[in-house]
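A short write-up of the structure that comes next.
Letters go in sequence order (proteins before strands), and every chain restarts at 1. Excluded from the calculations below are hydrogen atoms, water molecules and symmetry mates; all remaining heavy atoms, backbone and side chain alike, are included.
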Amino acid sequence: MTDNKAPISPKKIIIWTFLFIGAVIMMTPIIFMFSASFKYNDQIYELALISSEPTLSNYIYLFENTEFLRWFLNSISVALATTISVLFFDSLVGYTLAKFKFKGRKIVFVLILSTLMIPTEMLVIPWYILARDLGLLDSYIGLIFPGIMTGFGVFLMKQFFEGVPDDYLDAARIDGVGEFRIFTDVAMPLVVPALSALAIFTFLGNWTAFLWPLIVTSSAEIYTVPVGLASFSGEFQSEWEMIMTGAAVATLPTLIIFLFLQRYIIRGVILGGLKG
Amino acid sequence: MSKRTIAQKRAIWAWVFMAVPLVYFILVRFYPTLDAFSISLTDWNIVGEKRYIGFDNFVVLFNDPVFWVVLGNTFEYLILGVPISLLLSFIIAYYLDQIRFGHGFLRACYFIPFLTTAVAMAWVWRWFYQPVPIGMINLALGQLGIAQFEFLRSTTQALPAVLAPAIWAGLGFQIVIFMAGLRAIPKTYYEAAKVDGAGAWQTLTEITLPQLRPTIVFLVVISSIGFLRIFDQVYNMTQEGEGGPLNATRPLVLHIYKAAFDDFEMGMAAAQTVVLFLILMVITVFQLRVLRHDR
Amino acid sequence: MRGLVCAIFCLMMTTAANAVEIEYWQYSYKTRIDAMEKLIEAFEAENPDITVTHNNFPYAQYRTKVAAAVAAGEGPDVVQLYYGWLHDYLAAGILQPLSQESFPHSEIEQEFFPMVGSMKSGGDYYALPTAVRSLALFWNKKIFREAGLDPEVPPKTLDELVEFAKKLTQRDPAGNITQAGLTMGPINQDHNWWREVLVRQFGGVPYNADNSKVMYDDEAGRAAFQYYADFATRHKTSVVDFMDKGEIAFKAGRAAMHIDGSFVLSFLKRTRGGRNRLEWGVAELPEHNGIKSNFSSYWVNGITSKASGEKKLAAEKFLKFITSPRAMQYWLDQVGELPARKAVAYRDDNRNHPEFGAFIRGLDYAHTTLFYSESAQRKTVVDMLDRIVLNGMSVDESLAIAAQEDQNIIDAALIEIREAAAAKESTGVSSDE
């Protein structure tokens, strides 16, 4: 940790070079994906990164002649709705479990925690049947309902609310603030870092989710971006540069968010990862 | 009208807050879990009547050679995936932690794949793996005069080829967690080691790694579960999502998906989810035990 | 005067009472839905006393939806189903036979293409198609020209197909194929080409008459599969799943010949950014030993067991209408699927159509496969080729395994069908009591 003063040693240069090469390798698939999306059909077989005649025709075609825009909006809506719901309910439950003393609290907590042991794959069949019986197959509600609360989020938020001093809450109670207002106006602002971590995880998880959307959707209007992409080469008979264009558009939002919120995202991943 | 105590009032509030979530957890988590177990004991094609057949589904499964191939593949993903990804991410994190110049940029490059959509990147990798004249890797190898690889069209290379993007995408997360773990080691430990005249290797094995134990436990468990549940990559990188060639890449979750939503053999599929559940549980408990106790 | 008013009134009453409403179901596919809406409009204009409600469901759930609805006495009166589902639908008691009065057998047998015969079970027809599909050979004229072949003359026989493919293949200095002579995609259409075309051309049959036994594990089957596998292993004119999919390789101008269905036409014609330099033609599948064969698949329409009385009559009228020559021509023009009646298909402008013509001519001698599970049975062919190409297994050995796997699928399905029929009978008895 004395780097600031130390002269640049040859060892450091070697390490840096290797790390740089590794970083380039890591970015290669993403770079080639974007590169191919600007190429014509007969050029994607060339290794050149930048085509001699770059074109936007793939993007124009994607948005004009396929349902991609629809899928994109579906994905955004589903991910946003789920994230908002998770933030609210998970912190409400986490807060209650952390800050209220009542009979059955331990049991409730253990029960919710135990849901973390159950893999989603085990639930998709009963969920499918539930959705079918309630007429929710191939609908937005069908897409969203399995994820509107998560055991992971409850656990994470409970950990953080436990760090909130009781004095703050009691002071508000003495001032006559209602219990729900204490939660929203006093407790919630104190755990913003945890909330942002949970928001990042939830949004990302829903944006990239594949298995359940694949199962529950069946008409192209309801598809999310991953399901749409998976159907690109089959149902919609697409060539490679079109698939790459779709993949590029699917990747872009998270990339843009990352560029702006890099620090928060990495901190959120560490917070969520280690506490969770 | 007796006045309720403050404690009682607050207990009521607690249940008010918990009411909707509790109903949800019971309806969408617990009931389906029990339902999965109960369906696994039936013969049911989703339309007709459920027929209770005891453990017949499990007997059929264990006598099915394809199921054993699938289980073998699933563990191959795990056994290759966990050590490779952890070793790579630790090495990168260890050295990246020592670098200041361009630190943020390098970290971003390693982290960005974690933010990509598995389905989208599976298709990119699928394209990369094609033979000439379109596959980027084989095109590059060809220009260097190296014979091309079969990749996805080989019964031996296909599984590692499908695994690679899964490792690639998870690396950024593991690196970031490792770096956080490294930062959390008190500097005084290192200073003491320096005073004792310990070399870099000795410092690594005697201070860094033992201190990282909780981080390693966490990452081993998380990544094991991830590799055992691999699906997106296989579904999108193999022809018609079949997990071929010759079932060489088909993991358990894909097998479940096909049984349930291609063949509508719900009982058989549910039985497989029970197997998956048991495997995940055993491995998690085992790993937590081993890694925590053998100090 | 009073009498007249009364008469008009009575007449109105009877028409009102006769206003029958029937329901039609098909799976969601945009061009099909649009075309069907138009047909229904025309039908209702001709039959003002019948209203048709048109419902569609996504493909993935379609099959279970129909089964569940009909079992509950709800759902469609006229239903569209994939021809391969007939077995299941009959076992589940979803369909009723088409009456001889409305659909005389002699008429069906004379006017429709012969593969419609597979809609017959126990002496009754159960469903009729509006449109059918078949296979044809696509060839790239530019590649033919470059290889010194006449760009207007596609291969006529299987031997020519091999010969042409060899001439049309290009490799890089390392020996890797950069331009395939013929695409190979068993998972796409080639499994059908092998099963119904090659096996027959080499003198065999894929299944026995009642479709309960695999018959291709014989000399003919072996010769047929050897012929197919040789493109990859001996002639080296093809890479399996070259460029991931035959149609992609063909469209990219990297494959000289490709076998596919009429549904690939729209993909080949699609242009983006004004660049589509592909020059191609469509020909009938090559013959062998003087035998021509083709594979056909189709969607049919049947009347469900739920329709009775007036509804049944209305359903018959509607079924007649959507399988009429007029509807078929409309369907070809709008959806691009081939007419199921010979008279419509044989119209000069259809039969000699530069794109549809080869497919239509192929219908004369097309066969269908009555799949029990299309994806599982397809996989046996895919795996059969992979064992040979990837693991170096002999054709004999691999074919024997595939035949056994296929037979197992058939046996399991037959048991299920028998059980379902038995269950239906027993519940039928109890409900009568």
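- Two rings, from B:Tyr257 and B:Tyr235, have their centers less than 6.0 Å apart.
- With a 4.5 Å cut-off on non-hydrogen atoms, B:Gln143 touches chain A through its side chain but not through its backbone.
- Both the backbone and the side chain of B:Arg126 have a heavy atom closer than 4.5 Å to some heavy atom of chain A.
- Of the atoms belonging to A:Trp16, heavy atoms from both backbone and side chain fall under 4.5 Å from chain B.
- Contacts between A:Met244 and chain B at a heavy-atom distance below 4.5 Å involve the side chain alone, from C-beta outward.
- Of the atoms belonging to A:Leu204, it is side-chain heavy atoms, and not backbone ones, that fall under 4.5 Å from chain B.
- Proximity to chain B (any heavy atom under 4.5 Å) is restricted, for A:Ser114, to the side chain, taken from C-beta onward.
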Inset, instruction - Any chance you could lay out the salt bridge (charged side-chain N to carboxylate O under 4.0 Å, His left out) test for A:Glu179 and A:Arg173, step after step, and finish with the verdict? - result: CA-CA 8 Å; A:Glu179 287 293 341; A:Arg173 281 194 187 100; 2.6 Å; yes
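- Only the side chain of A:Ile243 comes within less than 4.5 Å of a heavy atom in chain B; its backbone stays farther off.
- Just one of B:Trp123, B:Trp127, B:Tyr129 meets the side-chain contact (heavy atoms from CB on, under 4.5 Å) condition when paired with B:Trp125; it is B:Tyr129.
- A perpendicular orientation is assigned to the rings of B:Phe37 and B:Phe277, their planes being inclined by more than 60° (bins at 30° and 60°).
- If you measure heavy-atom distances from A:Arg105 to chain B, you find no contacts under 4.5 Å at all.
- With hydrogens and angles ignored, the 3.5 Å screen pairs no side-chain donor or acceptor of B:Tyr24 with any backbone N or O of B:Arg29.
- Contact of A:Val108 with chain B is made through the side chain alone, with heavy-atom distances under 4.5 Å.
- Proximity to chain B (any heavy atom under 4.5 Å) is shown, for A:Leu259, by neither the backbone nor the side chain.
- A side-chain N or O of A:Asp90 and one of A:Thr150 form a donor-acceptor pair less than 3.5 Å apart.
- Both the backbone and the side chain of A:Ile148 come within contact range of chain B, each with at least one heavy atom under 4.5 Å from a heavy atom of that chain.
- Contacts of A:Tyr95 with chain B are made by side-chain atoms alone, with heavy-atom separations under 4.5 Å and no backbone atom involved.
- A distance of 6.0 Å or more separates the ring centres of B:Phe173 and B:Phe111.
- B:Leu280 touches chain A through its side chain: at least one heavy atom from C-beta onward sits under 4.5 Å away, while N, CA, C and O do not.
- For a residue to count as touching a neighbouring chain, one of its non-hydrogen atoms must lie under 4.5 Å from one of that chain's; by this rule A:Val154 touches chain B with the side chain only.
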